[in-house]
Amino acid sequence: MSAEIISGTEMRAAILDELRVEVTKMKEQHGVVPGLVTILVGANPASLSYVTLKVKTALGLGFHEIQDDQPEDITEEALLQLIDKYNNDNSIHGILVQLPLPKHINEEKIINAIDPGKDVDGFHPVNLGRMVLGDRDGFLPCTPYGIQEMIIRSGTETSGAETVVVGRSNIVGKPISIMMGQKGEGANSTVTMVHTRTQDLEAHCKRADILIVAAGVPGLVKPEWIKAGATVIDVGVNRIGMSDSGKAILSGDVAFDEAKQIAGKITPVPGGVGPMTIAMLMKNTVKSAKKHIEKA
Ligand code: NAD
């Protein structure tokens, strides 16, 4: 039997519809529009396409959106000053600095300079600390947040489930491992986090009721590693070639065509986790605007 496809594109559309209703209400009742600034340094083609999509989505929701592109050679000091300006701008509820930054800029310093109350990417240590403590008042990092939302909306049982996460990066593997083990909706599972030093990756993957793969290695997870009926979330986005029309051909970390014959539910690449990341960025920005209204 073929697995149910968990469509991130469809879930994103549903989430954006829900947000649109909230934005309209916020505007009518409080005269406030969520404000998001996206800062892109340089012109890395992948970053440019991510930022363009974020800006388009924010504008589509009726946000006050500022696209503040900066030259590749902006100094660290000037970028810090720019962040300070938006930290103090009451019309802005979310500050997004597109990563990676050029080598001469210390990324950690930049992330740490963003007001945690406007860190809608959820990368600031204060928000990561809140996530670890299970405090839902902060901002969850967007990709893990999107993964958890997909698991919930797909009706996957997480309580007591064996969840295996492949990868331990600060932006995906580590946070989603913690989130899946927390108390609460879409969590309460028993989590194993595996990585490059894990001795028997296959044995761990085979135990997983929920398998979340964020390694960045195309085809890393073989179909025979998947437990029958498991929910498979493929986070990997790998450029494996170019189409005749010059578009990048993308593949995930899981051998999708074969895996979908074994899994119960599976996300595609593209059209899986990717669209959810942007939807959760918008959700965090709306949440930030709401908090701003409550404080006023
Ligand atoms: P990363 O390179 O920072 O981390 C990869 C992790 O995978 C590492 O912790 C490493 O230990 C582990 N790993 C790598 N090869 C492995 C192997 N052979 N066996 C076991 N573990 C292995 O990457 P990242 O930033 O976490 O991203 C992972 C993938 O997810 C990439 O393809 C990236 O493009 C994609 N990604 C997608 C989104 C999205 O929105 N869809 C967001 C972030 C990252």
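Here the structure is a predicted model, which means the values were calculated and not measured.
- With hydrogens and angles disregarded, a donor-acceptor distance shorter than 3.5 Å links the side chain of K287 to the backbone of G138.
- Inter-residue side-chain proximity for M280 and L140 is flagged as unmet; no heavy-atom pair is nearer than 4.5 Å.
- The CH2 atom of W225 sits 13.5 Å away from atom CZ of R207, with the distance rounded to the nearest 0.5 Å.
- Listed here is the closest heavy atom pair of V254 and A259: CG1-CB, 3.7 Å.
- The line from CG of L40 to CD of Q67 is 7.5 Å long, rounded to the nearest 0.5 Å.
- Using a distance-only test at 3.5 Å, with no hydrogens or angles considered, a donor-acceptor pair links the side chain of N238 to the main chain of S251.
- In this structure, E22 pairs ionically with K290, as a charged nitrogen and a carboxylate oxygen lie closer than 4.0 Å.
- When atom types are taken as modelled, the side chain of D68 and the backbone of I39 share no donor-acceptor pair closer than 3.5 angstrom.
- Contact annotation: the side chain of T198 never approaches that of T196 to less than 4.5 Å [non-hydrogen atoms, C-beta and beyond].
- The cluster map of Ile, Leu, Val, Met, Phe, Trp and Tyr, joined by side-chain heavy atoms under 4.5 Å apart, puts M131 and L133 in different clusters.
- Scanning all heavy atoms of the two residues, the minimum distance from P34 to V286 falls at CG-CG2, 4.3 Å.
- How far CD1 of I147 is from CD1 of I152: 12.0 Å, rounded to the nearest 0.5 Å.
- Heavy-atom minimum distance, I111 versus H124: O-CD2, 3.3 Å.
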Check the pair K283, V120 against side chain to side chain contact (heavy atoms under 4.5 Å, CB included), reporting the backbone distance first and the verdict last. CA-CA 9 Å; K283 204 170 161 77; V120 287; over 6 Å; no
May I have the step-by-step check of side chain to side chain contact (heavy atoms under 4.5 Å, CB included) for D119 and D121, ending in yes or no? CA-CA 5 Å; D119 166 45; D121 242 347; 4.0 Å; yes
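- Checked by atom type and distance alone, the side chain of N87 pairs as donor or acceptor with a backbone atom of A113 at under 3.5 Å.
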Test side chain to side chain contact (heavy atoms under 4.5 Å, CB included) applied to F63 and M282, step by step: CA-CA 9 Å; F63 285 13; M282 301 301 142; 3.7 Å; yes
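- Look at K222 and E202 and you find no salt bridge, because none of the NZ, NE, NH1 or NH2 atoms lies under 4.0 Å from a carboxylate O.
- Here the options are K265, E157, M180, the test is side-chain contact (heavy atoms from CB on, under 4.5 Å), and the partner is I210; only M180 passes.
- Other residues, nucleotides and ligands contribute over 12 non-hydrogen atoms within 6.0 Å of the CD atom of E258.
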Working note: K25 + E18, criterion salt bridge (Lys or Arg N to Asp or Glu O under 4.0 Å); need CA distance, chi angles, decisive distance, verdict. CA-CA 11 Å; K25 235 196 259 170; E18 291 160 17; over 6 Å; no
Can you check side chain to side chain contact (heavy atoms under 4.5 Å, CB included) on I212 and V235, steps first, answer last? CA-CA 7 Å; I212 301 169; V235 191; 4.0 Å; yes
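- For T277 and T143, the side-chain atoms include at least one donor-acceptor pair closer than 3.5 Å.
- Side chains of T75 and L79 form no contact here, defined as non-hydrogen atoms less than 4.5 Å apart.
- In the hydrophobic clustering of ILVMFWY residues, with side-chain heavy atoms under 4.5 Å counting as a link, I151 and V221 come out apart.
- Annotation: side chain of N188 is not in contact with side chain of Q182 (no heavy-atom distance under 4.5 Å).
- The closest donor-acceptor contact from the side chain of T267 to the backbone of G272 lies at 3.5 Å or more, if one exists at all.
- Hydrophobic cluster membership differs between V55 and L96, with clusters built from Ile, Leu, Val, Met, Phe, Trp and Tyr side chains linked at under 4.5 angstrom.
- When side chains are defined from C-beta on, L211 does not count as touching T231, because their heavy atoms never get closer than 4.5 Å.
- Checking D115 against Y86 by side-chain atom types alone, no donor-acceptor pair falls below 3.5 Å.
- The minimum heavy-atom distance linking M179 with Q148 is given by the pair CE-OE1, 3.4 Å.
- The distance from the CZ atom of F123 to the CD1 atom of I171 is 5.0 Å, given to the nearest 0.5 Å.
- Hydrophobic clustering places V164 together with V217 (ILVMFWY residues linked when any side-chain heavy atoms are closer than 4.5 Å, directly or through intermediates).
- Judged by the 6.0 Å and 45° rule, K291 forms a cation-pi pair with F139.
- In the hydrophobic clustering of this structure, L19 groups with I92; members are Ile, Leu, Val, Met, Phe, Trp, Tyr whose side-chain heavy atoms approach within less than 4.5 Å, directly or through other members.
- Contact detail for P141 and P175: the closest heavy-atom pair is CG-CB, 3.9 Å.
- Rounded to the nearest 0.5 Å, atoms CG (L99) and CG (L101) are 5.5 Å apart.
- Expressed to the nearest 0.5 Å, how far CZ of R20 lies from CG of L61 amounts to 5.5 Å.
- Put simply, the side chain of V41 reaches to within 4.5 Å of the side chain of P102, judged on heavy atoms.
- Between the side chains of E162 and T192, no donor-acceptor pair is found at a separation under 3.5 Å.
- At least one donor-acceptor pair under 3.5 Å links the side chain of H195 to the backbone N or O of R197.
- The pair D137-R130 does not meet the salt-bridge criterion, since no charged nitrogen lies less than 4.0 angstrom from a carboxylate oxygen.
- Looking at heavy atoms from C-beta onward, D234 lies out of side-chain contact with F256 at the 4.5 angstrom threshold.
- At least one side-chain heavy atom of I74 sits less than 4.5 Å from a side-chain heavy atom of I105.
- Between the side chain of H93 and the main chain of T285, no donor-acceptor pair closer than 3.5 Å is present.
- A side-chain donor from one of Q98 and K54 sits under 3.5 Å from a side-chain acceptor of the other.
- Heavy-atom minimum distance, P218 versus D253: N-OD1, 4.1 Å.
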